[in-house]
Amino acid sequence: MKQKPPANKGDIIELEITGFAHDGAGVGKYEGFTVFVPQTVPGEKVRTRLTVVKKTYGKASCLEILKTHPHRTEPQCPVYEICGGCQIQHISYEAQLEHKRQQVMDHFTRIGGMEVPVHPVLGMNDPWRYRNKAQVPFGVQKGKVAAGFYAPGTHQIVNMDACLIQHELNDQVIRKVKQLAQRLKTPIYDEQKHRGILRHVMVRTGYSTGECMIVLVTNGRKLPYRQKWIEELRREFPQLKSLMQNIHHRRSNVVLGPENQVLWGREVVYDRIGDVTFAISPHSFFQINPVQTRVLYDQVAKYAALTGGETVIDAYCGIGTIALYLARHAKRVYGVEIVPAAIKDAKRNAEINRMDHVTFEAGAAEEIMPRWYQEGIRPDVVVVDPPRKGCDPLLLDTVASMQPGRIVYVSCNSSTLARDAKYLAELGYRVREVQPVDMFPQTGHVECVMLMTNVKNK
Ligand code: SAH
């Protein structure tokens, strides 16, 4: 039988912070019991109050830092302590990178059961203002329209005027939309009562093109003063190329509803990574840090080591970004992705870039890949870039049956990466190296690129 936790909710306890959790919180042990404490630094000693006590772990808030670590730094954002957006602004950037690397190494040792070379994290020269996309909910506070991210673990909006990791233009758009909603008296959506109109605004700015997309997410089709909204936003933002209304009338935490309508302009914005151009629509996944996306994709290209004659599969391809980035150096490329709208964009992107040796299919990778295998497709390189939960075992089995010389695994969650690496190791692949890339400075997220090669080949 499991032991009872050694302390209760509300208790005040002292802890030594020894590790770093996936969400950026510090981790310590209290009489063997694991406790997560946000906004602390490994190496610190802290006095905390337990806020959550579960059977196997607890959470605590930091009351006092008894021993400060030299890596601690003054957070730059005025709402950092209450907003849920960033988790590690209180740690110097160099130390953030080192903690992320350590976390990846720990996952490979603990979950993967293997020691692998993990390179120092490739970080940014300027780790601020990097995000090309913002999606912000609206609320009403003291009779005024508020917009900002939710405080951690709540649906309480932390009203903000600027977000220091957002592209400057995204901030300006959010401020303007907030002002307009106030002036035009647009009813703000109330999620408790499920009434009102304006739910969220989503903004996307193309880093290389400067083009901007604004999506007003509304509960139902009505948008009072529609024409006024269009005129004002067009006048204020010459960079605006696409103004959309997303219709979302369900009770749900998902930001976007199923249907988009063009209010003005195009239904996509364009952006470039290297010399490849991409059309991006509201529902499509597109990496949010364009500067580091280039670094990430160059790393993928390096590990793919293409010479022009290869067949490549890009599984979980989104709008075809990696597939098209690699296609310049491959004979044949296949991409598969589960969101049909993204595949529509991917096909359009292949046309824009005049790449007719690339085929895209919509569907679950674990269903399409076995069919490709049966059809006799034998890739030299397989790239996978799954969501946080990692790859389906059926997909990994199929990849191994295809016997590519190289597997390049892009991952936003190093614990599922390590798990899948272990699985592939049992199927005859060996981890050569892992290169973390810092796609999300100031937050706890770590992105990795891993190279595995077929043991038989080398
Ligand atoms: N490689 C792309 C996208 C990576 S994000 C890029 O760099 O931009 C992961 C993608 O996997 C998302 O687009 C998501 O829609 C897709 N996805 C999730 N589950 C999937 C599945 N079972 N099969 C195929 N694609 C899936």
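Owing to the predicted nature of the structure, the values given are computational and were not obtained by experimental measurement. If you read the sequence from its start, that first residue is 1, and numbering goes on from there.
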task = Please report the C-alpha distance between Glu367 and Leu394 in whole Å, then the side-chain angles of each, then the deciding distance to 0.1 Å, and finally whether the side chain to side chain contact (heavy atoms under 4.5 Å, CB included) criterion is met.
result = CA-CA 8 Å; Glu367 287 170 18; Leu394 180 57; 6.0 Å; no
ask   = Thr34 and Lys29: side chain to side chain donor-acceptor pair (under 3.5 Å), yes or no, with the steps?
value = CA-CA 5 Å; Thr34 303; Lys29 293 262 187 203; 3.0 Å; yes
message = Between Gln403 and Ser401, is the side chain to side chain contact (heavy atoms under 4.5 Å, CB included) condition met? List the steps.
response = CA-CA 5 Å; Gln403 292 280 300; Ser401 317; over 6 Å; no
inquiry  = Tyr207 vs His167, test: side chain to side chain donor-acceptor pair (under 3.5 Å). Steps then yes/no.
reply    = CA-CA 9 Å; Tyr207 175 79; His167 194 291; over 6 Å; no
Side chain to side chain contact (heavy atoms under 4.5 Å, CB included) between Phe360 and Val336, worked out = CA-CA 6 Å; Phe360 289 109; Val336 54; over 6 Å; no
ask   = Between Asn413 and Ser411, does a side chain to side chain donor-acceptor pair (under 3.5 Å) hold up when you go through it step by step?
value = CA-CA 5 Å; Asn413 179 351; Ser411 160; 5.9 Å; no
task = Check the pair Thr205 / Asn132 against side chain to side chain donor-acceptor pair (under 3.5 Å), numbers first and verdict last.
result = CA-CA 5 Å; Thr205 296; Asn132 57 10; over 6 Å; no
inquiry  = Does Asp275 form a salt bridge (Lys or Arg N to Asp or Glu O under 4.0 Å) with Arg328? I'd like the steps, not just the answer.
reply    = CA-CA 10 Å; Asp275 46 16; Arg328 300 169 296 171; 2.5 Å; yes
task = Take Val300 and Val383 through the side chain to side chain contact (heavy atoms under 4.5 Å, CB included) test and state the conclusion after the steps.
result = CA-CA 8 Å; Val300 173; Val383 179; 4.2 Å; yes
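Remark: Arg406 does not engage Asp380 in a salt bridge, criterion side-chain N to carboxylate O under 4.0 Å.
Residue pairs that meet the salt bridge (charged side-chain N to carboxylate O under 4.0 Å, His left out) test with at least one member in residues 410-431, sequence neighbours left out, do not exist here. Residue pairs meeting the salt bridge (charged side-chain N to carboxylate O under 4.0 Å, His left out) criterion with at least one member in residues 103-116, sequence neighbours excluded, do not occur. Counting only residues at least two apart or in different chains, ring-ring contact (aromatic ring centres under 6.0 Å, His included) contacts with residues 411-440 comprise Phe440-His445. Each ring-ring contact (aromatic ring centres under 6.0 Å, His included) pair with one or both residues in residues 386-414, not counting sequence neighbours, would appear here, but there are none. For the salt bridge (charged side-chain N to carboxylate O under 4.0 Å, His left out) condition, the pairs that include at least one residue of residues 152-179, sequence neighbours left out, are Arg129-Glu168, Arg129-Asp171, Asp161-Lys178, Lys176-Glu232, Lys176-Glu236. Within the structure, the ring-ring contact (aromatic ring centres under 6.0 Å, His included) test picks out the following pairs touching residues 20-58 (sequence neighbours left out): Phe20-His99, Phe36-Tyr57. For residues 278-298, the set of pairs meeting the side chain to side chain donor-acceptor pair (under 3.5 Å) definition, not counting sequence neighbours, comprises Asn260-His283, Ser281-Ser284, Ser281-Asp345, Ser284-Asp345, Arg294-Tyr325, Tyr297-Thr321, Asp298-Tyr325. For residues 208-217, every residue pair satisfying the salt bridge (charged side-chain N to carboxylate O under 4.0 Å, His left out) rule, not counting sequence neighbours, is listed here: Glu211-Arg266.
The two residues Glu81 and Pro75 have their closest heavy-atom pair at OE2-CG, 3.8 Å. For the pair Ala362 and Ile368, the tightest heavy-atom approach, listed with the atom from each and the gap, is O-CD1, 3.8 Å.
Residue Gln156 places its CD atom among 12 or fewer non-hydrogen atoms of other residues, nucleotides or ligands, all under 6.0 Å distant. More than 12 heavy atoms of other residues, nucleotides or ligands lie within 6.0 Å of CZ in Arg251, so this atom counts as buried by the packing criterion. More than 12 heavy-atom neighbours from other residues, nucleotides or ligands sit within 6.0 angstrom of CZ on Arg388.
To the nearest 0.5 Å, atoms CD (Glu447) and CG (Leu417) are separated by 10.0 Å. In this structure, CD1 on Ile322 lies 5.0 Å from CG on Asp314, to the nearest 0.5 angstrom. With values rounded to the nearest 0.5 angstrom, Ile91 atom CD1 is found 10.5 Å from Gln87 atom CD. Atom CZ in Arg432 sits 3.5 Å away from atom OG1 in Thr453 (nearest 0.5 Å). The line from CZ of Phe278 to CD1 of Ile273 is 5.0 Å long, rounded to the nearest 0.5 Å. Between Arg272 atom CZ and Asn353 atom CG the span is 10.5 Å, to the nearest 0.5 Å.
Listed by chain and residue number, Arg371 satisfy the salt bridge (Lys or Arg N to Asp or Glu O under 4.0 Å) test with Glu361 (two or more places apart in sequence, or in another chain). Residues forming a salt bridge (Lys or Arg N to Asp or Glu O under 4.0 Å) with Lys193 (at least two apart in sequence, or on another chain): Asp190. For Glu64, the side chain to side chain donor-acceptor pair (under 3.5 Å) criterion is met by Arg47, not counting sequence neighbours. For Asp126, there are no salt bridge (Lys or Arg N to Asp or Glu O under 4.0 Å) partners at least two apart in sequence or on another chain.
Proximity of the aromatic rings of His200 and Tyr189 is defined here by a centroid distance below 6.0 angstrom, and this criterion is not met.
You'll find the side chain of Asn253 reaches within 4.5 Å of the side chain of His155, heavy atoms only. Counting heavy atoms from C-beta on, the side chains of Val291 and Met124 come closer than 4.5 Å. A 4.5 Å side-chain heavy-atom check between Val27 and Ile17 finds every atom pair outside the cut-off.
In terms of modelled atom types and a separation under 3.5 Å, the side chain of Gln166 and the main chain of Cys163 share no donor-acceptor contact. Of the possible polar contacts, one joining the Glu310 side chain to the Thr307 backbone as a donor-acceptor pair under 3.5 Å is found. Here the side chain of Glu98 pairs no donor or acceptor atom with the backbone of Val121 at under 3.5 angstrom. With hydrogens and angles ignored, the 3.5 Å screen pairs a side-chain donor or acceptor of Gln96 with a backbone N or O of Gln442.
The side-chain hydrogen bond (donor to acceptor under 3.5 Å, both in side chains) test with His119 singles out one residue from Gln435, Arg101, Gln299, Glu433, and that residue is Glu433.
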